[in-house]
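Notes to accompany the following structure.
All ligand and atom numbering here is 1-based and tracks the order in the structure. Start at 1 with the first residue, then count along the sequence.
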Amino acid sequence: MVQALQIGNVSVQPGEVKRGGIPLGVDLYGRERVMPIIVCRGVEDGPRVWINGATHGDEPEGPYSIHRLLKQIDVTQMRGLLVAVPAMNIEAFTAGDRGDPRDTFSYDMNRIYPGRADGYATERVAWAHWEAMKDHCDLQIAIHSGGDHSFLDTAIFAADTPASLELAAAMGPDWNLINASSAGRGSPSSMMAELGKGGITVELGGWCSMLTVDFHEVGRRLAAAYLNVLRHYGMVEGKPEYAARWLRGHQVALLANKTGLFIGEDVPLRTPMAKGTVLGHIYDLYGDEIETLRAPADGQIFGLRFRVMTQTGDWCCFYAVIDAERDDLLVRK
Ligand SMILES: [Zn+2]
């Protein structure tokens, strides 16, 4: 008999889907806390993919799109390993906040990953996840969105490594903007890149797109992209599709310099625009405009703030400056 694979408290044989969790200790009710995981082990060995949702607790696009993907997977027809983590940061997800509101020392899991075994609360949760993932993962997708303040539209963040850029390209035709990010500590994707493996952070959605059909559409598009990835790596049947070429860019964060009401201009996301294009305005409560936000360079916006109440330093526009056009991300050296 083939040896069972153990991940967290889940033991899985080829051709099985098992649910369980990554143990996180005991709460005051005396209950064992776990980070829920769903482990799909194909009938043959192959690439090992982890899809991680809700590193940030105000981003339910992760769990929803994962659930949609899993409905389309027949593990008896699959190669390799798919581990789905609907929500990495349960405390944050429970609160609907970016981080665990009770953890003021390591609040943002996507900045402190992989944490520490003896660290602050969120660091320990991150460490448990990394310990469970690191020896069973070749490719990692972390799902993000604009959360409770902004809408983000089909942008990827990936380090400049062949494995990560190939994974980014495997997301399919909609996903042709790949912003630079670093390798090393900080996030699951950066840790994977540090190991020379594929790790990407993908951005789609926000609270302005959570009502019925809008949210279904966000979930559908994300799940379709993961399925394209599984097809690209030969894990499931079907023909993958790709963008014709990719835009390699870097993010410029446009932050408010004034406190007031941010009203975005009706500008198209993910469309080339010229430096100086007006992106939005900030008004005071007398109705006077106190700041105009403009494109800092030729490029495109991939995210815009919808939460009108804005304070100095709040994020208003997610802007990408394009550094290169690439058509070689799928050419393996
Ligand atoms: Zn996020």
Side-chain angles (χ1 to χ4, degrees), residues 35 50-67 84-101 103 106-115 121-123 125-126 129-130 133 140-159 164 167-168 171 175 177-182 185-193 199-210 214-215 218-219 221-223 225-226 250-255 269-270 301-307 313-320:
M35 181 191 305
W50 283 56
I51 304 183
N52 292 311
T55 321
H56 293 137
D58 60 341
E59 299 173 9
E61 293 83 359
Y64 181 55
S65 60
I66 283 172
H67 299 155
V85 186
M88 286 173 62
N89 196 339
I90 303 289
E91 299 293 337
F93 195 77
T94 303
D97 285 346
R98 183 173 175 86
D100 176 354
D103 179 0
S106 59
Y107 178 75
D108 189 337
M109 188 184 278
N110 211 45
R111 299 291 181 275
I112 56 86
Y113 194 90
T122 305
E123 288 181 313
V125 175
H129 178 272
W130 177 243
M133 180 172 81
Q140 186 274 161
I141 301 170
I143 311 154
H144 288 259
S145 77
D148 69 1
H149 53 87
S150 299
F151 179 81
L152 268 65
D153 189 0
T154 50
I156 299 175
F157 287 83
S164 293
L167 177 56
M171 286 284 286
W175 297 83
L177 174 62
I178 309 173
N179 287 319
S181 75
S182 56
R185 293 181 65 90
S187 73
S189 302
S190 64
M191 287 296 289
M192 292 294 289
I200 59 173
T201 298
V202 305
E203 303 272 5
L204 179 61
W207 283 25
C208 63
S209 293
M210 270 186 209
D214 289 349
F215 199 53
V218 166
R221 292 178 67 195
L222 284 166
Y226 316 146
H250 68 273
Q251 170 178 275
V252 178
L254 300 185
L255 309 182
L269 304 189
R270 295 296 331 277
I301 48 171
F302 63 94
L304 198 61
R305 184 179 186 85
F306 61 77
R307 187 184 171 96
D314 277 347
W315 207 319
C316 292
C317 304
F318 297 75
Y319 199 84

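Nearest N, O or S atom of H144 to the Zn ion (ligand 1): atom ND1. Atom ND1 is the N/O/S atom of H56 found closest to the Zn ion (ligand 1).
With hydrogens and angles disregarded, a donor-acceptor distance shorter than 3.5 Å links the side chain of Y107 to the backbone of G99.
In summary, of the residues considered (L204, D214, L304), a side chain to side chain contact (heavy atoms under 4.5 Å, CB included) with F151 occurs for L204 alone.
Of all heavy-atom pairs between N110 and S187, the closest is OD1-CB, 3.3 Å.
A side-chain N or O of E61 and one of S145 form a donor-acceptor pair less than 3.5 Å apart.
Not a single N/O/S atom of D58, whether from backbone or side chain, sits less than 2.8 Å from the Zn ion (ligand 1).
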